[in-house]
Amino acid sequence: MVAVVDDNPRIRQLIEDEIHDEGHNVKGFSSGEAFLNAARQESIDLVLMDLMMPGMDGLECLKRLQHQSQHGATPRVVIVTALNDSGKRQAAFQAGAENYVLKPDLFEQLPSLLTRSDQH
């Protein structure tokens with residue numbers, strides 16, 4: 001399953017629809033907290049996570065996911081953001097992100113991200 005974590009319902013729905021159209025199961029979450037709760041019980045292969053969210057931001061959520069998943073398989077995490085910031089990019093990779101994709105480029109890169117998900 002692919003998880004989409006984004007506080008913007010319109011963007012989240014667009015991404016979910018595209019993933020569904022590509023033939024994948026997808027579930028959306030409006031906050032990092034809601035996603036982490038679900039990640040304890042559901043098998044998630046790939047996470048597309050917004051960086052800037054109220055409350056817990058994407059980096060904090062990624063760090064908590066890594067800690068939470070120490071005893072099990074950690075899903076692949078791709079940070080999806082409008083923020084083209086080299087410091088945030090580096091922090092995301094240090095926290096365990098597989099990729100850092102700018103939102104305008106997401107739909108172009110989505111098929112290859114999903115293909116890699118199928119191979120795991």
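Just so it is clear, the structure is predicted and the values come from calculations on it, not from any experiment.
- The two residues L113 and R76 have their closest heavy-atom pair at O-NH2, 3.3 Å.
- V80 has its side chain out of reach of Y100: every pair of non-hydrogen atoms, C-beta onward, lies at least 4.5 Å apart.
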Residue pair V4, I11: steps toward the side-chain contact (heavy atoms from CB on, under 4.5 Å) verdict = CA-CA 10 Å; V4 178; I11 292 174; over 6 Å; no
For residues 81-90, please give each side-chain donor-acceptor pair under 3.5 Å, one per line with the distance, not counting sequence neighbours.
residue	atom	partner	partner atom	Å
T81	OG1	L83	N	3.0
D85	OD1	G87	N	2.8
D85	OD1	K88	N	2.8

When the side chains of residues 53-63 are checked against the rest of the protein, which donor-acceptor pairs come out under 3.5 Å, sequence neighbours left out?
residue	atom	partner	partner atom	Å
D57	OD1	L59	N	3.2
D57	OD1	E60	N	2.8
E60	OE2	R64	NE	2.9

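- Here E18 pairs with nothing under the salt bridge (charged side-chain N to carboxylate O under 4.0 Å, His left out) rule; sequence neighbours left out.
- Note: Q68 CD to Q66 CD = 10.5 Å, rounded to the nearest 0.5 Å.
- Other residues, nucleotides and ligands place more than 12 heavy atoms under 6.0 Å from the CZ atom of R40.
- Counting only distance, with no hydrogens or angles, the side chain of E16 and the backbone of V26 share no donor-acceptor pair below 3.5 Å.
- For the pair I15/L106, a side-chain contact is recorded, criterion being any heavy-atom separation below 4.5 Å from C-beta on.
- Residues passing the salt bridge (charged side-chain N to carboxylate O under 4.0 Å, His left out) test with E42, sequence neighbours excluded: K27.
- Considering L110, V5, L114 in turn, L110 is the only one that fulfils the side chain to side chain contact (heavy atoms under 4.5 Å, CB included) rule with L48.
- Aromatic ring orientation, F35 versus F29: perpendicular (interplanar angle above 60°, classes split at 30° and 60°).
- Legend: salt bridge (Lys or Arg N to Asp or Glu O under 4.0 Å) pairs involving residues 104-113, not counting sequence neighbours: none detected.
- The minimum heavy-atom distance linking M52 with D7 is given by the pair O-OD1, 3.4 Å.
- For CG of D17, the number of neighbouring non-hydrogen atoms (other residues, nucleotides, ligands) closer than 6.0 Å is greater than 12.
- Proximity of V78 to V47: side-chain heavy atoms (C-beta onward) are nowhere separated by under 4.5 Å.
- Shown here are the salt bridge (charged side-chain N to carboxylate O under 4.0 Å, His left out) partners of K103, two or more places apart in sequence or in another chain: D6, D50.
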Output, in order, the C-alpha distance, side-chain angles, deciding distance and verdict of side-chain contact (heavy atoms from CB on, under 4.5 Å) for L46 and M1.
-> CA-CA 7 Å; L46 173 65; M1 180 192 332; over 6 Å; no
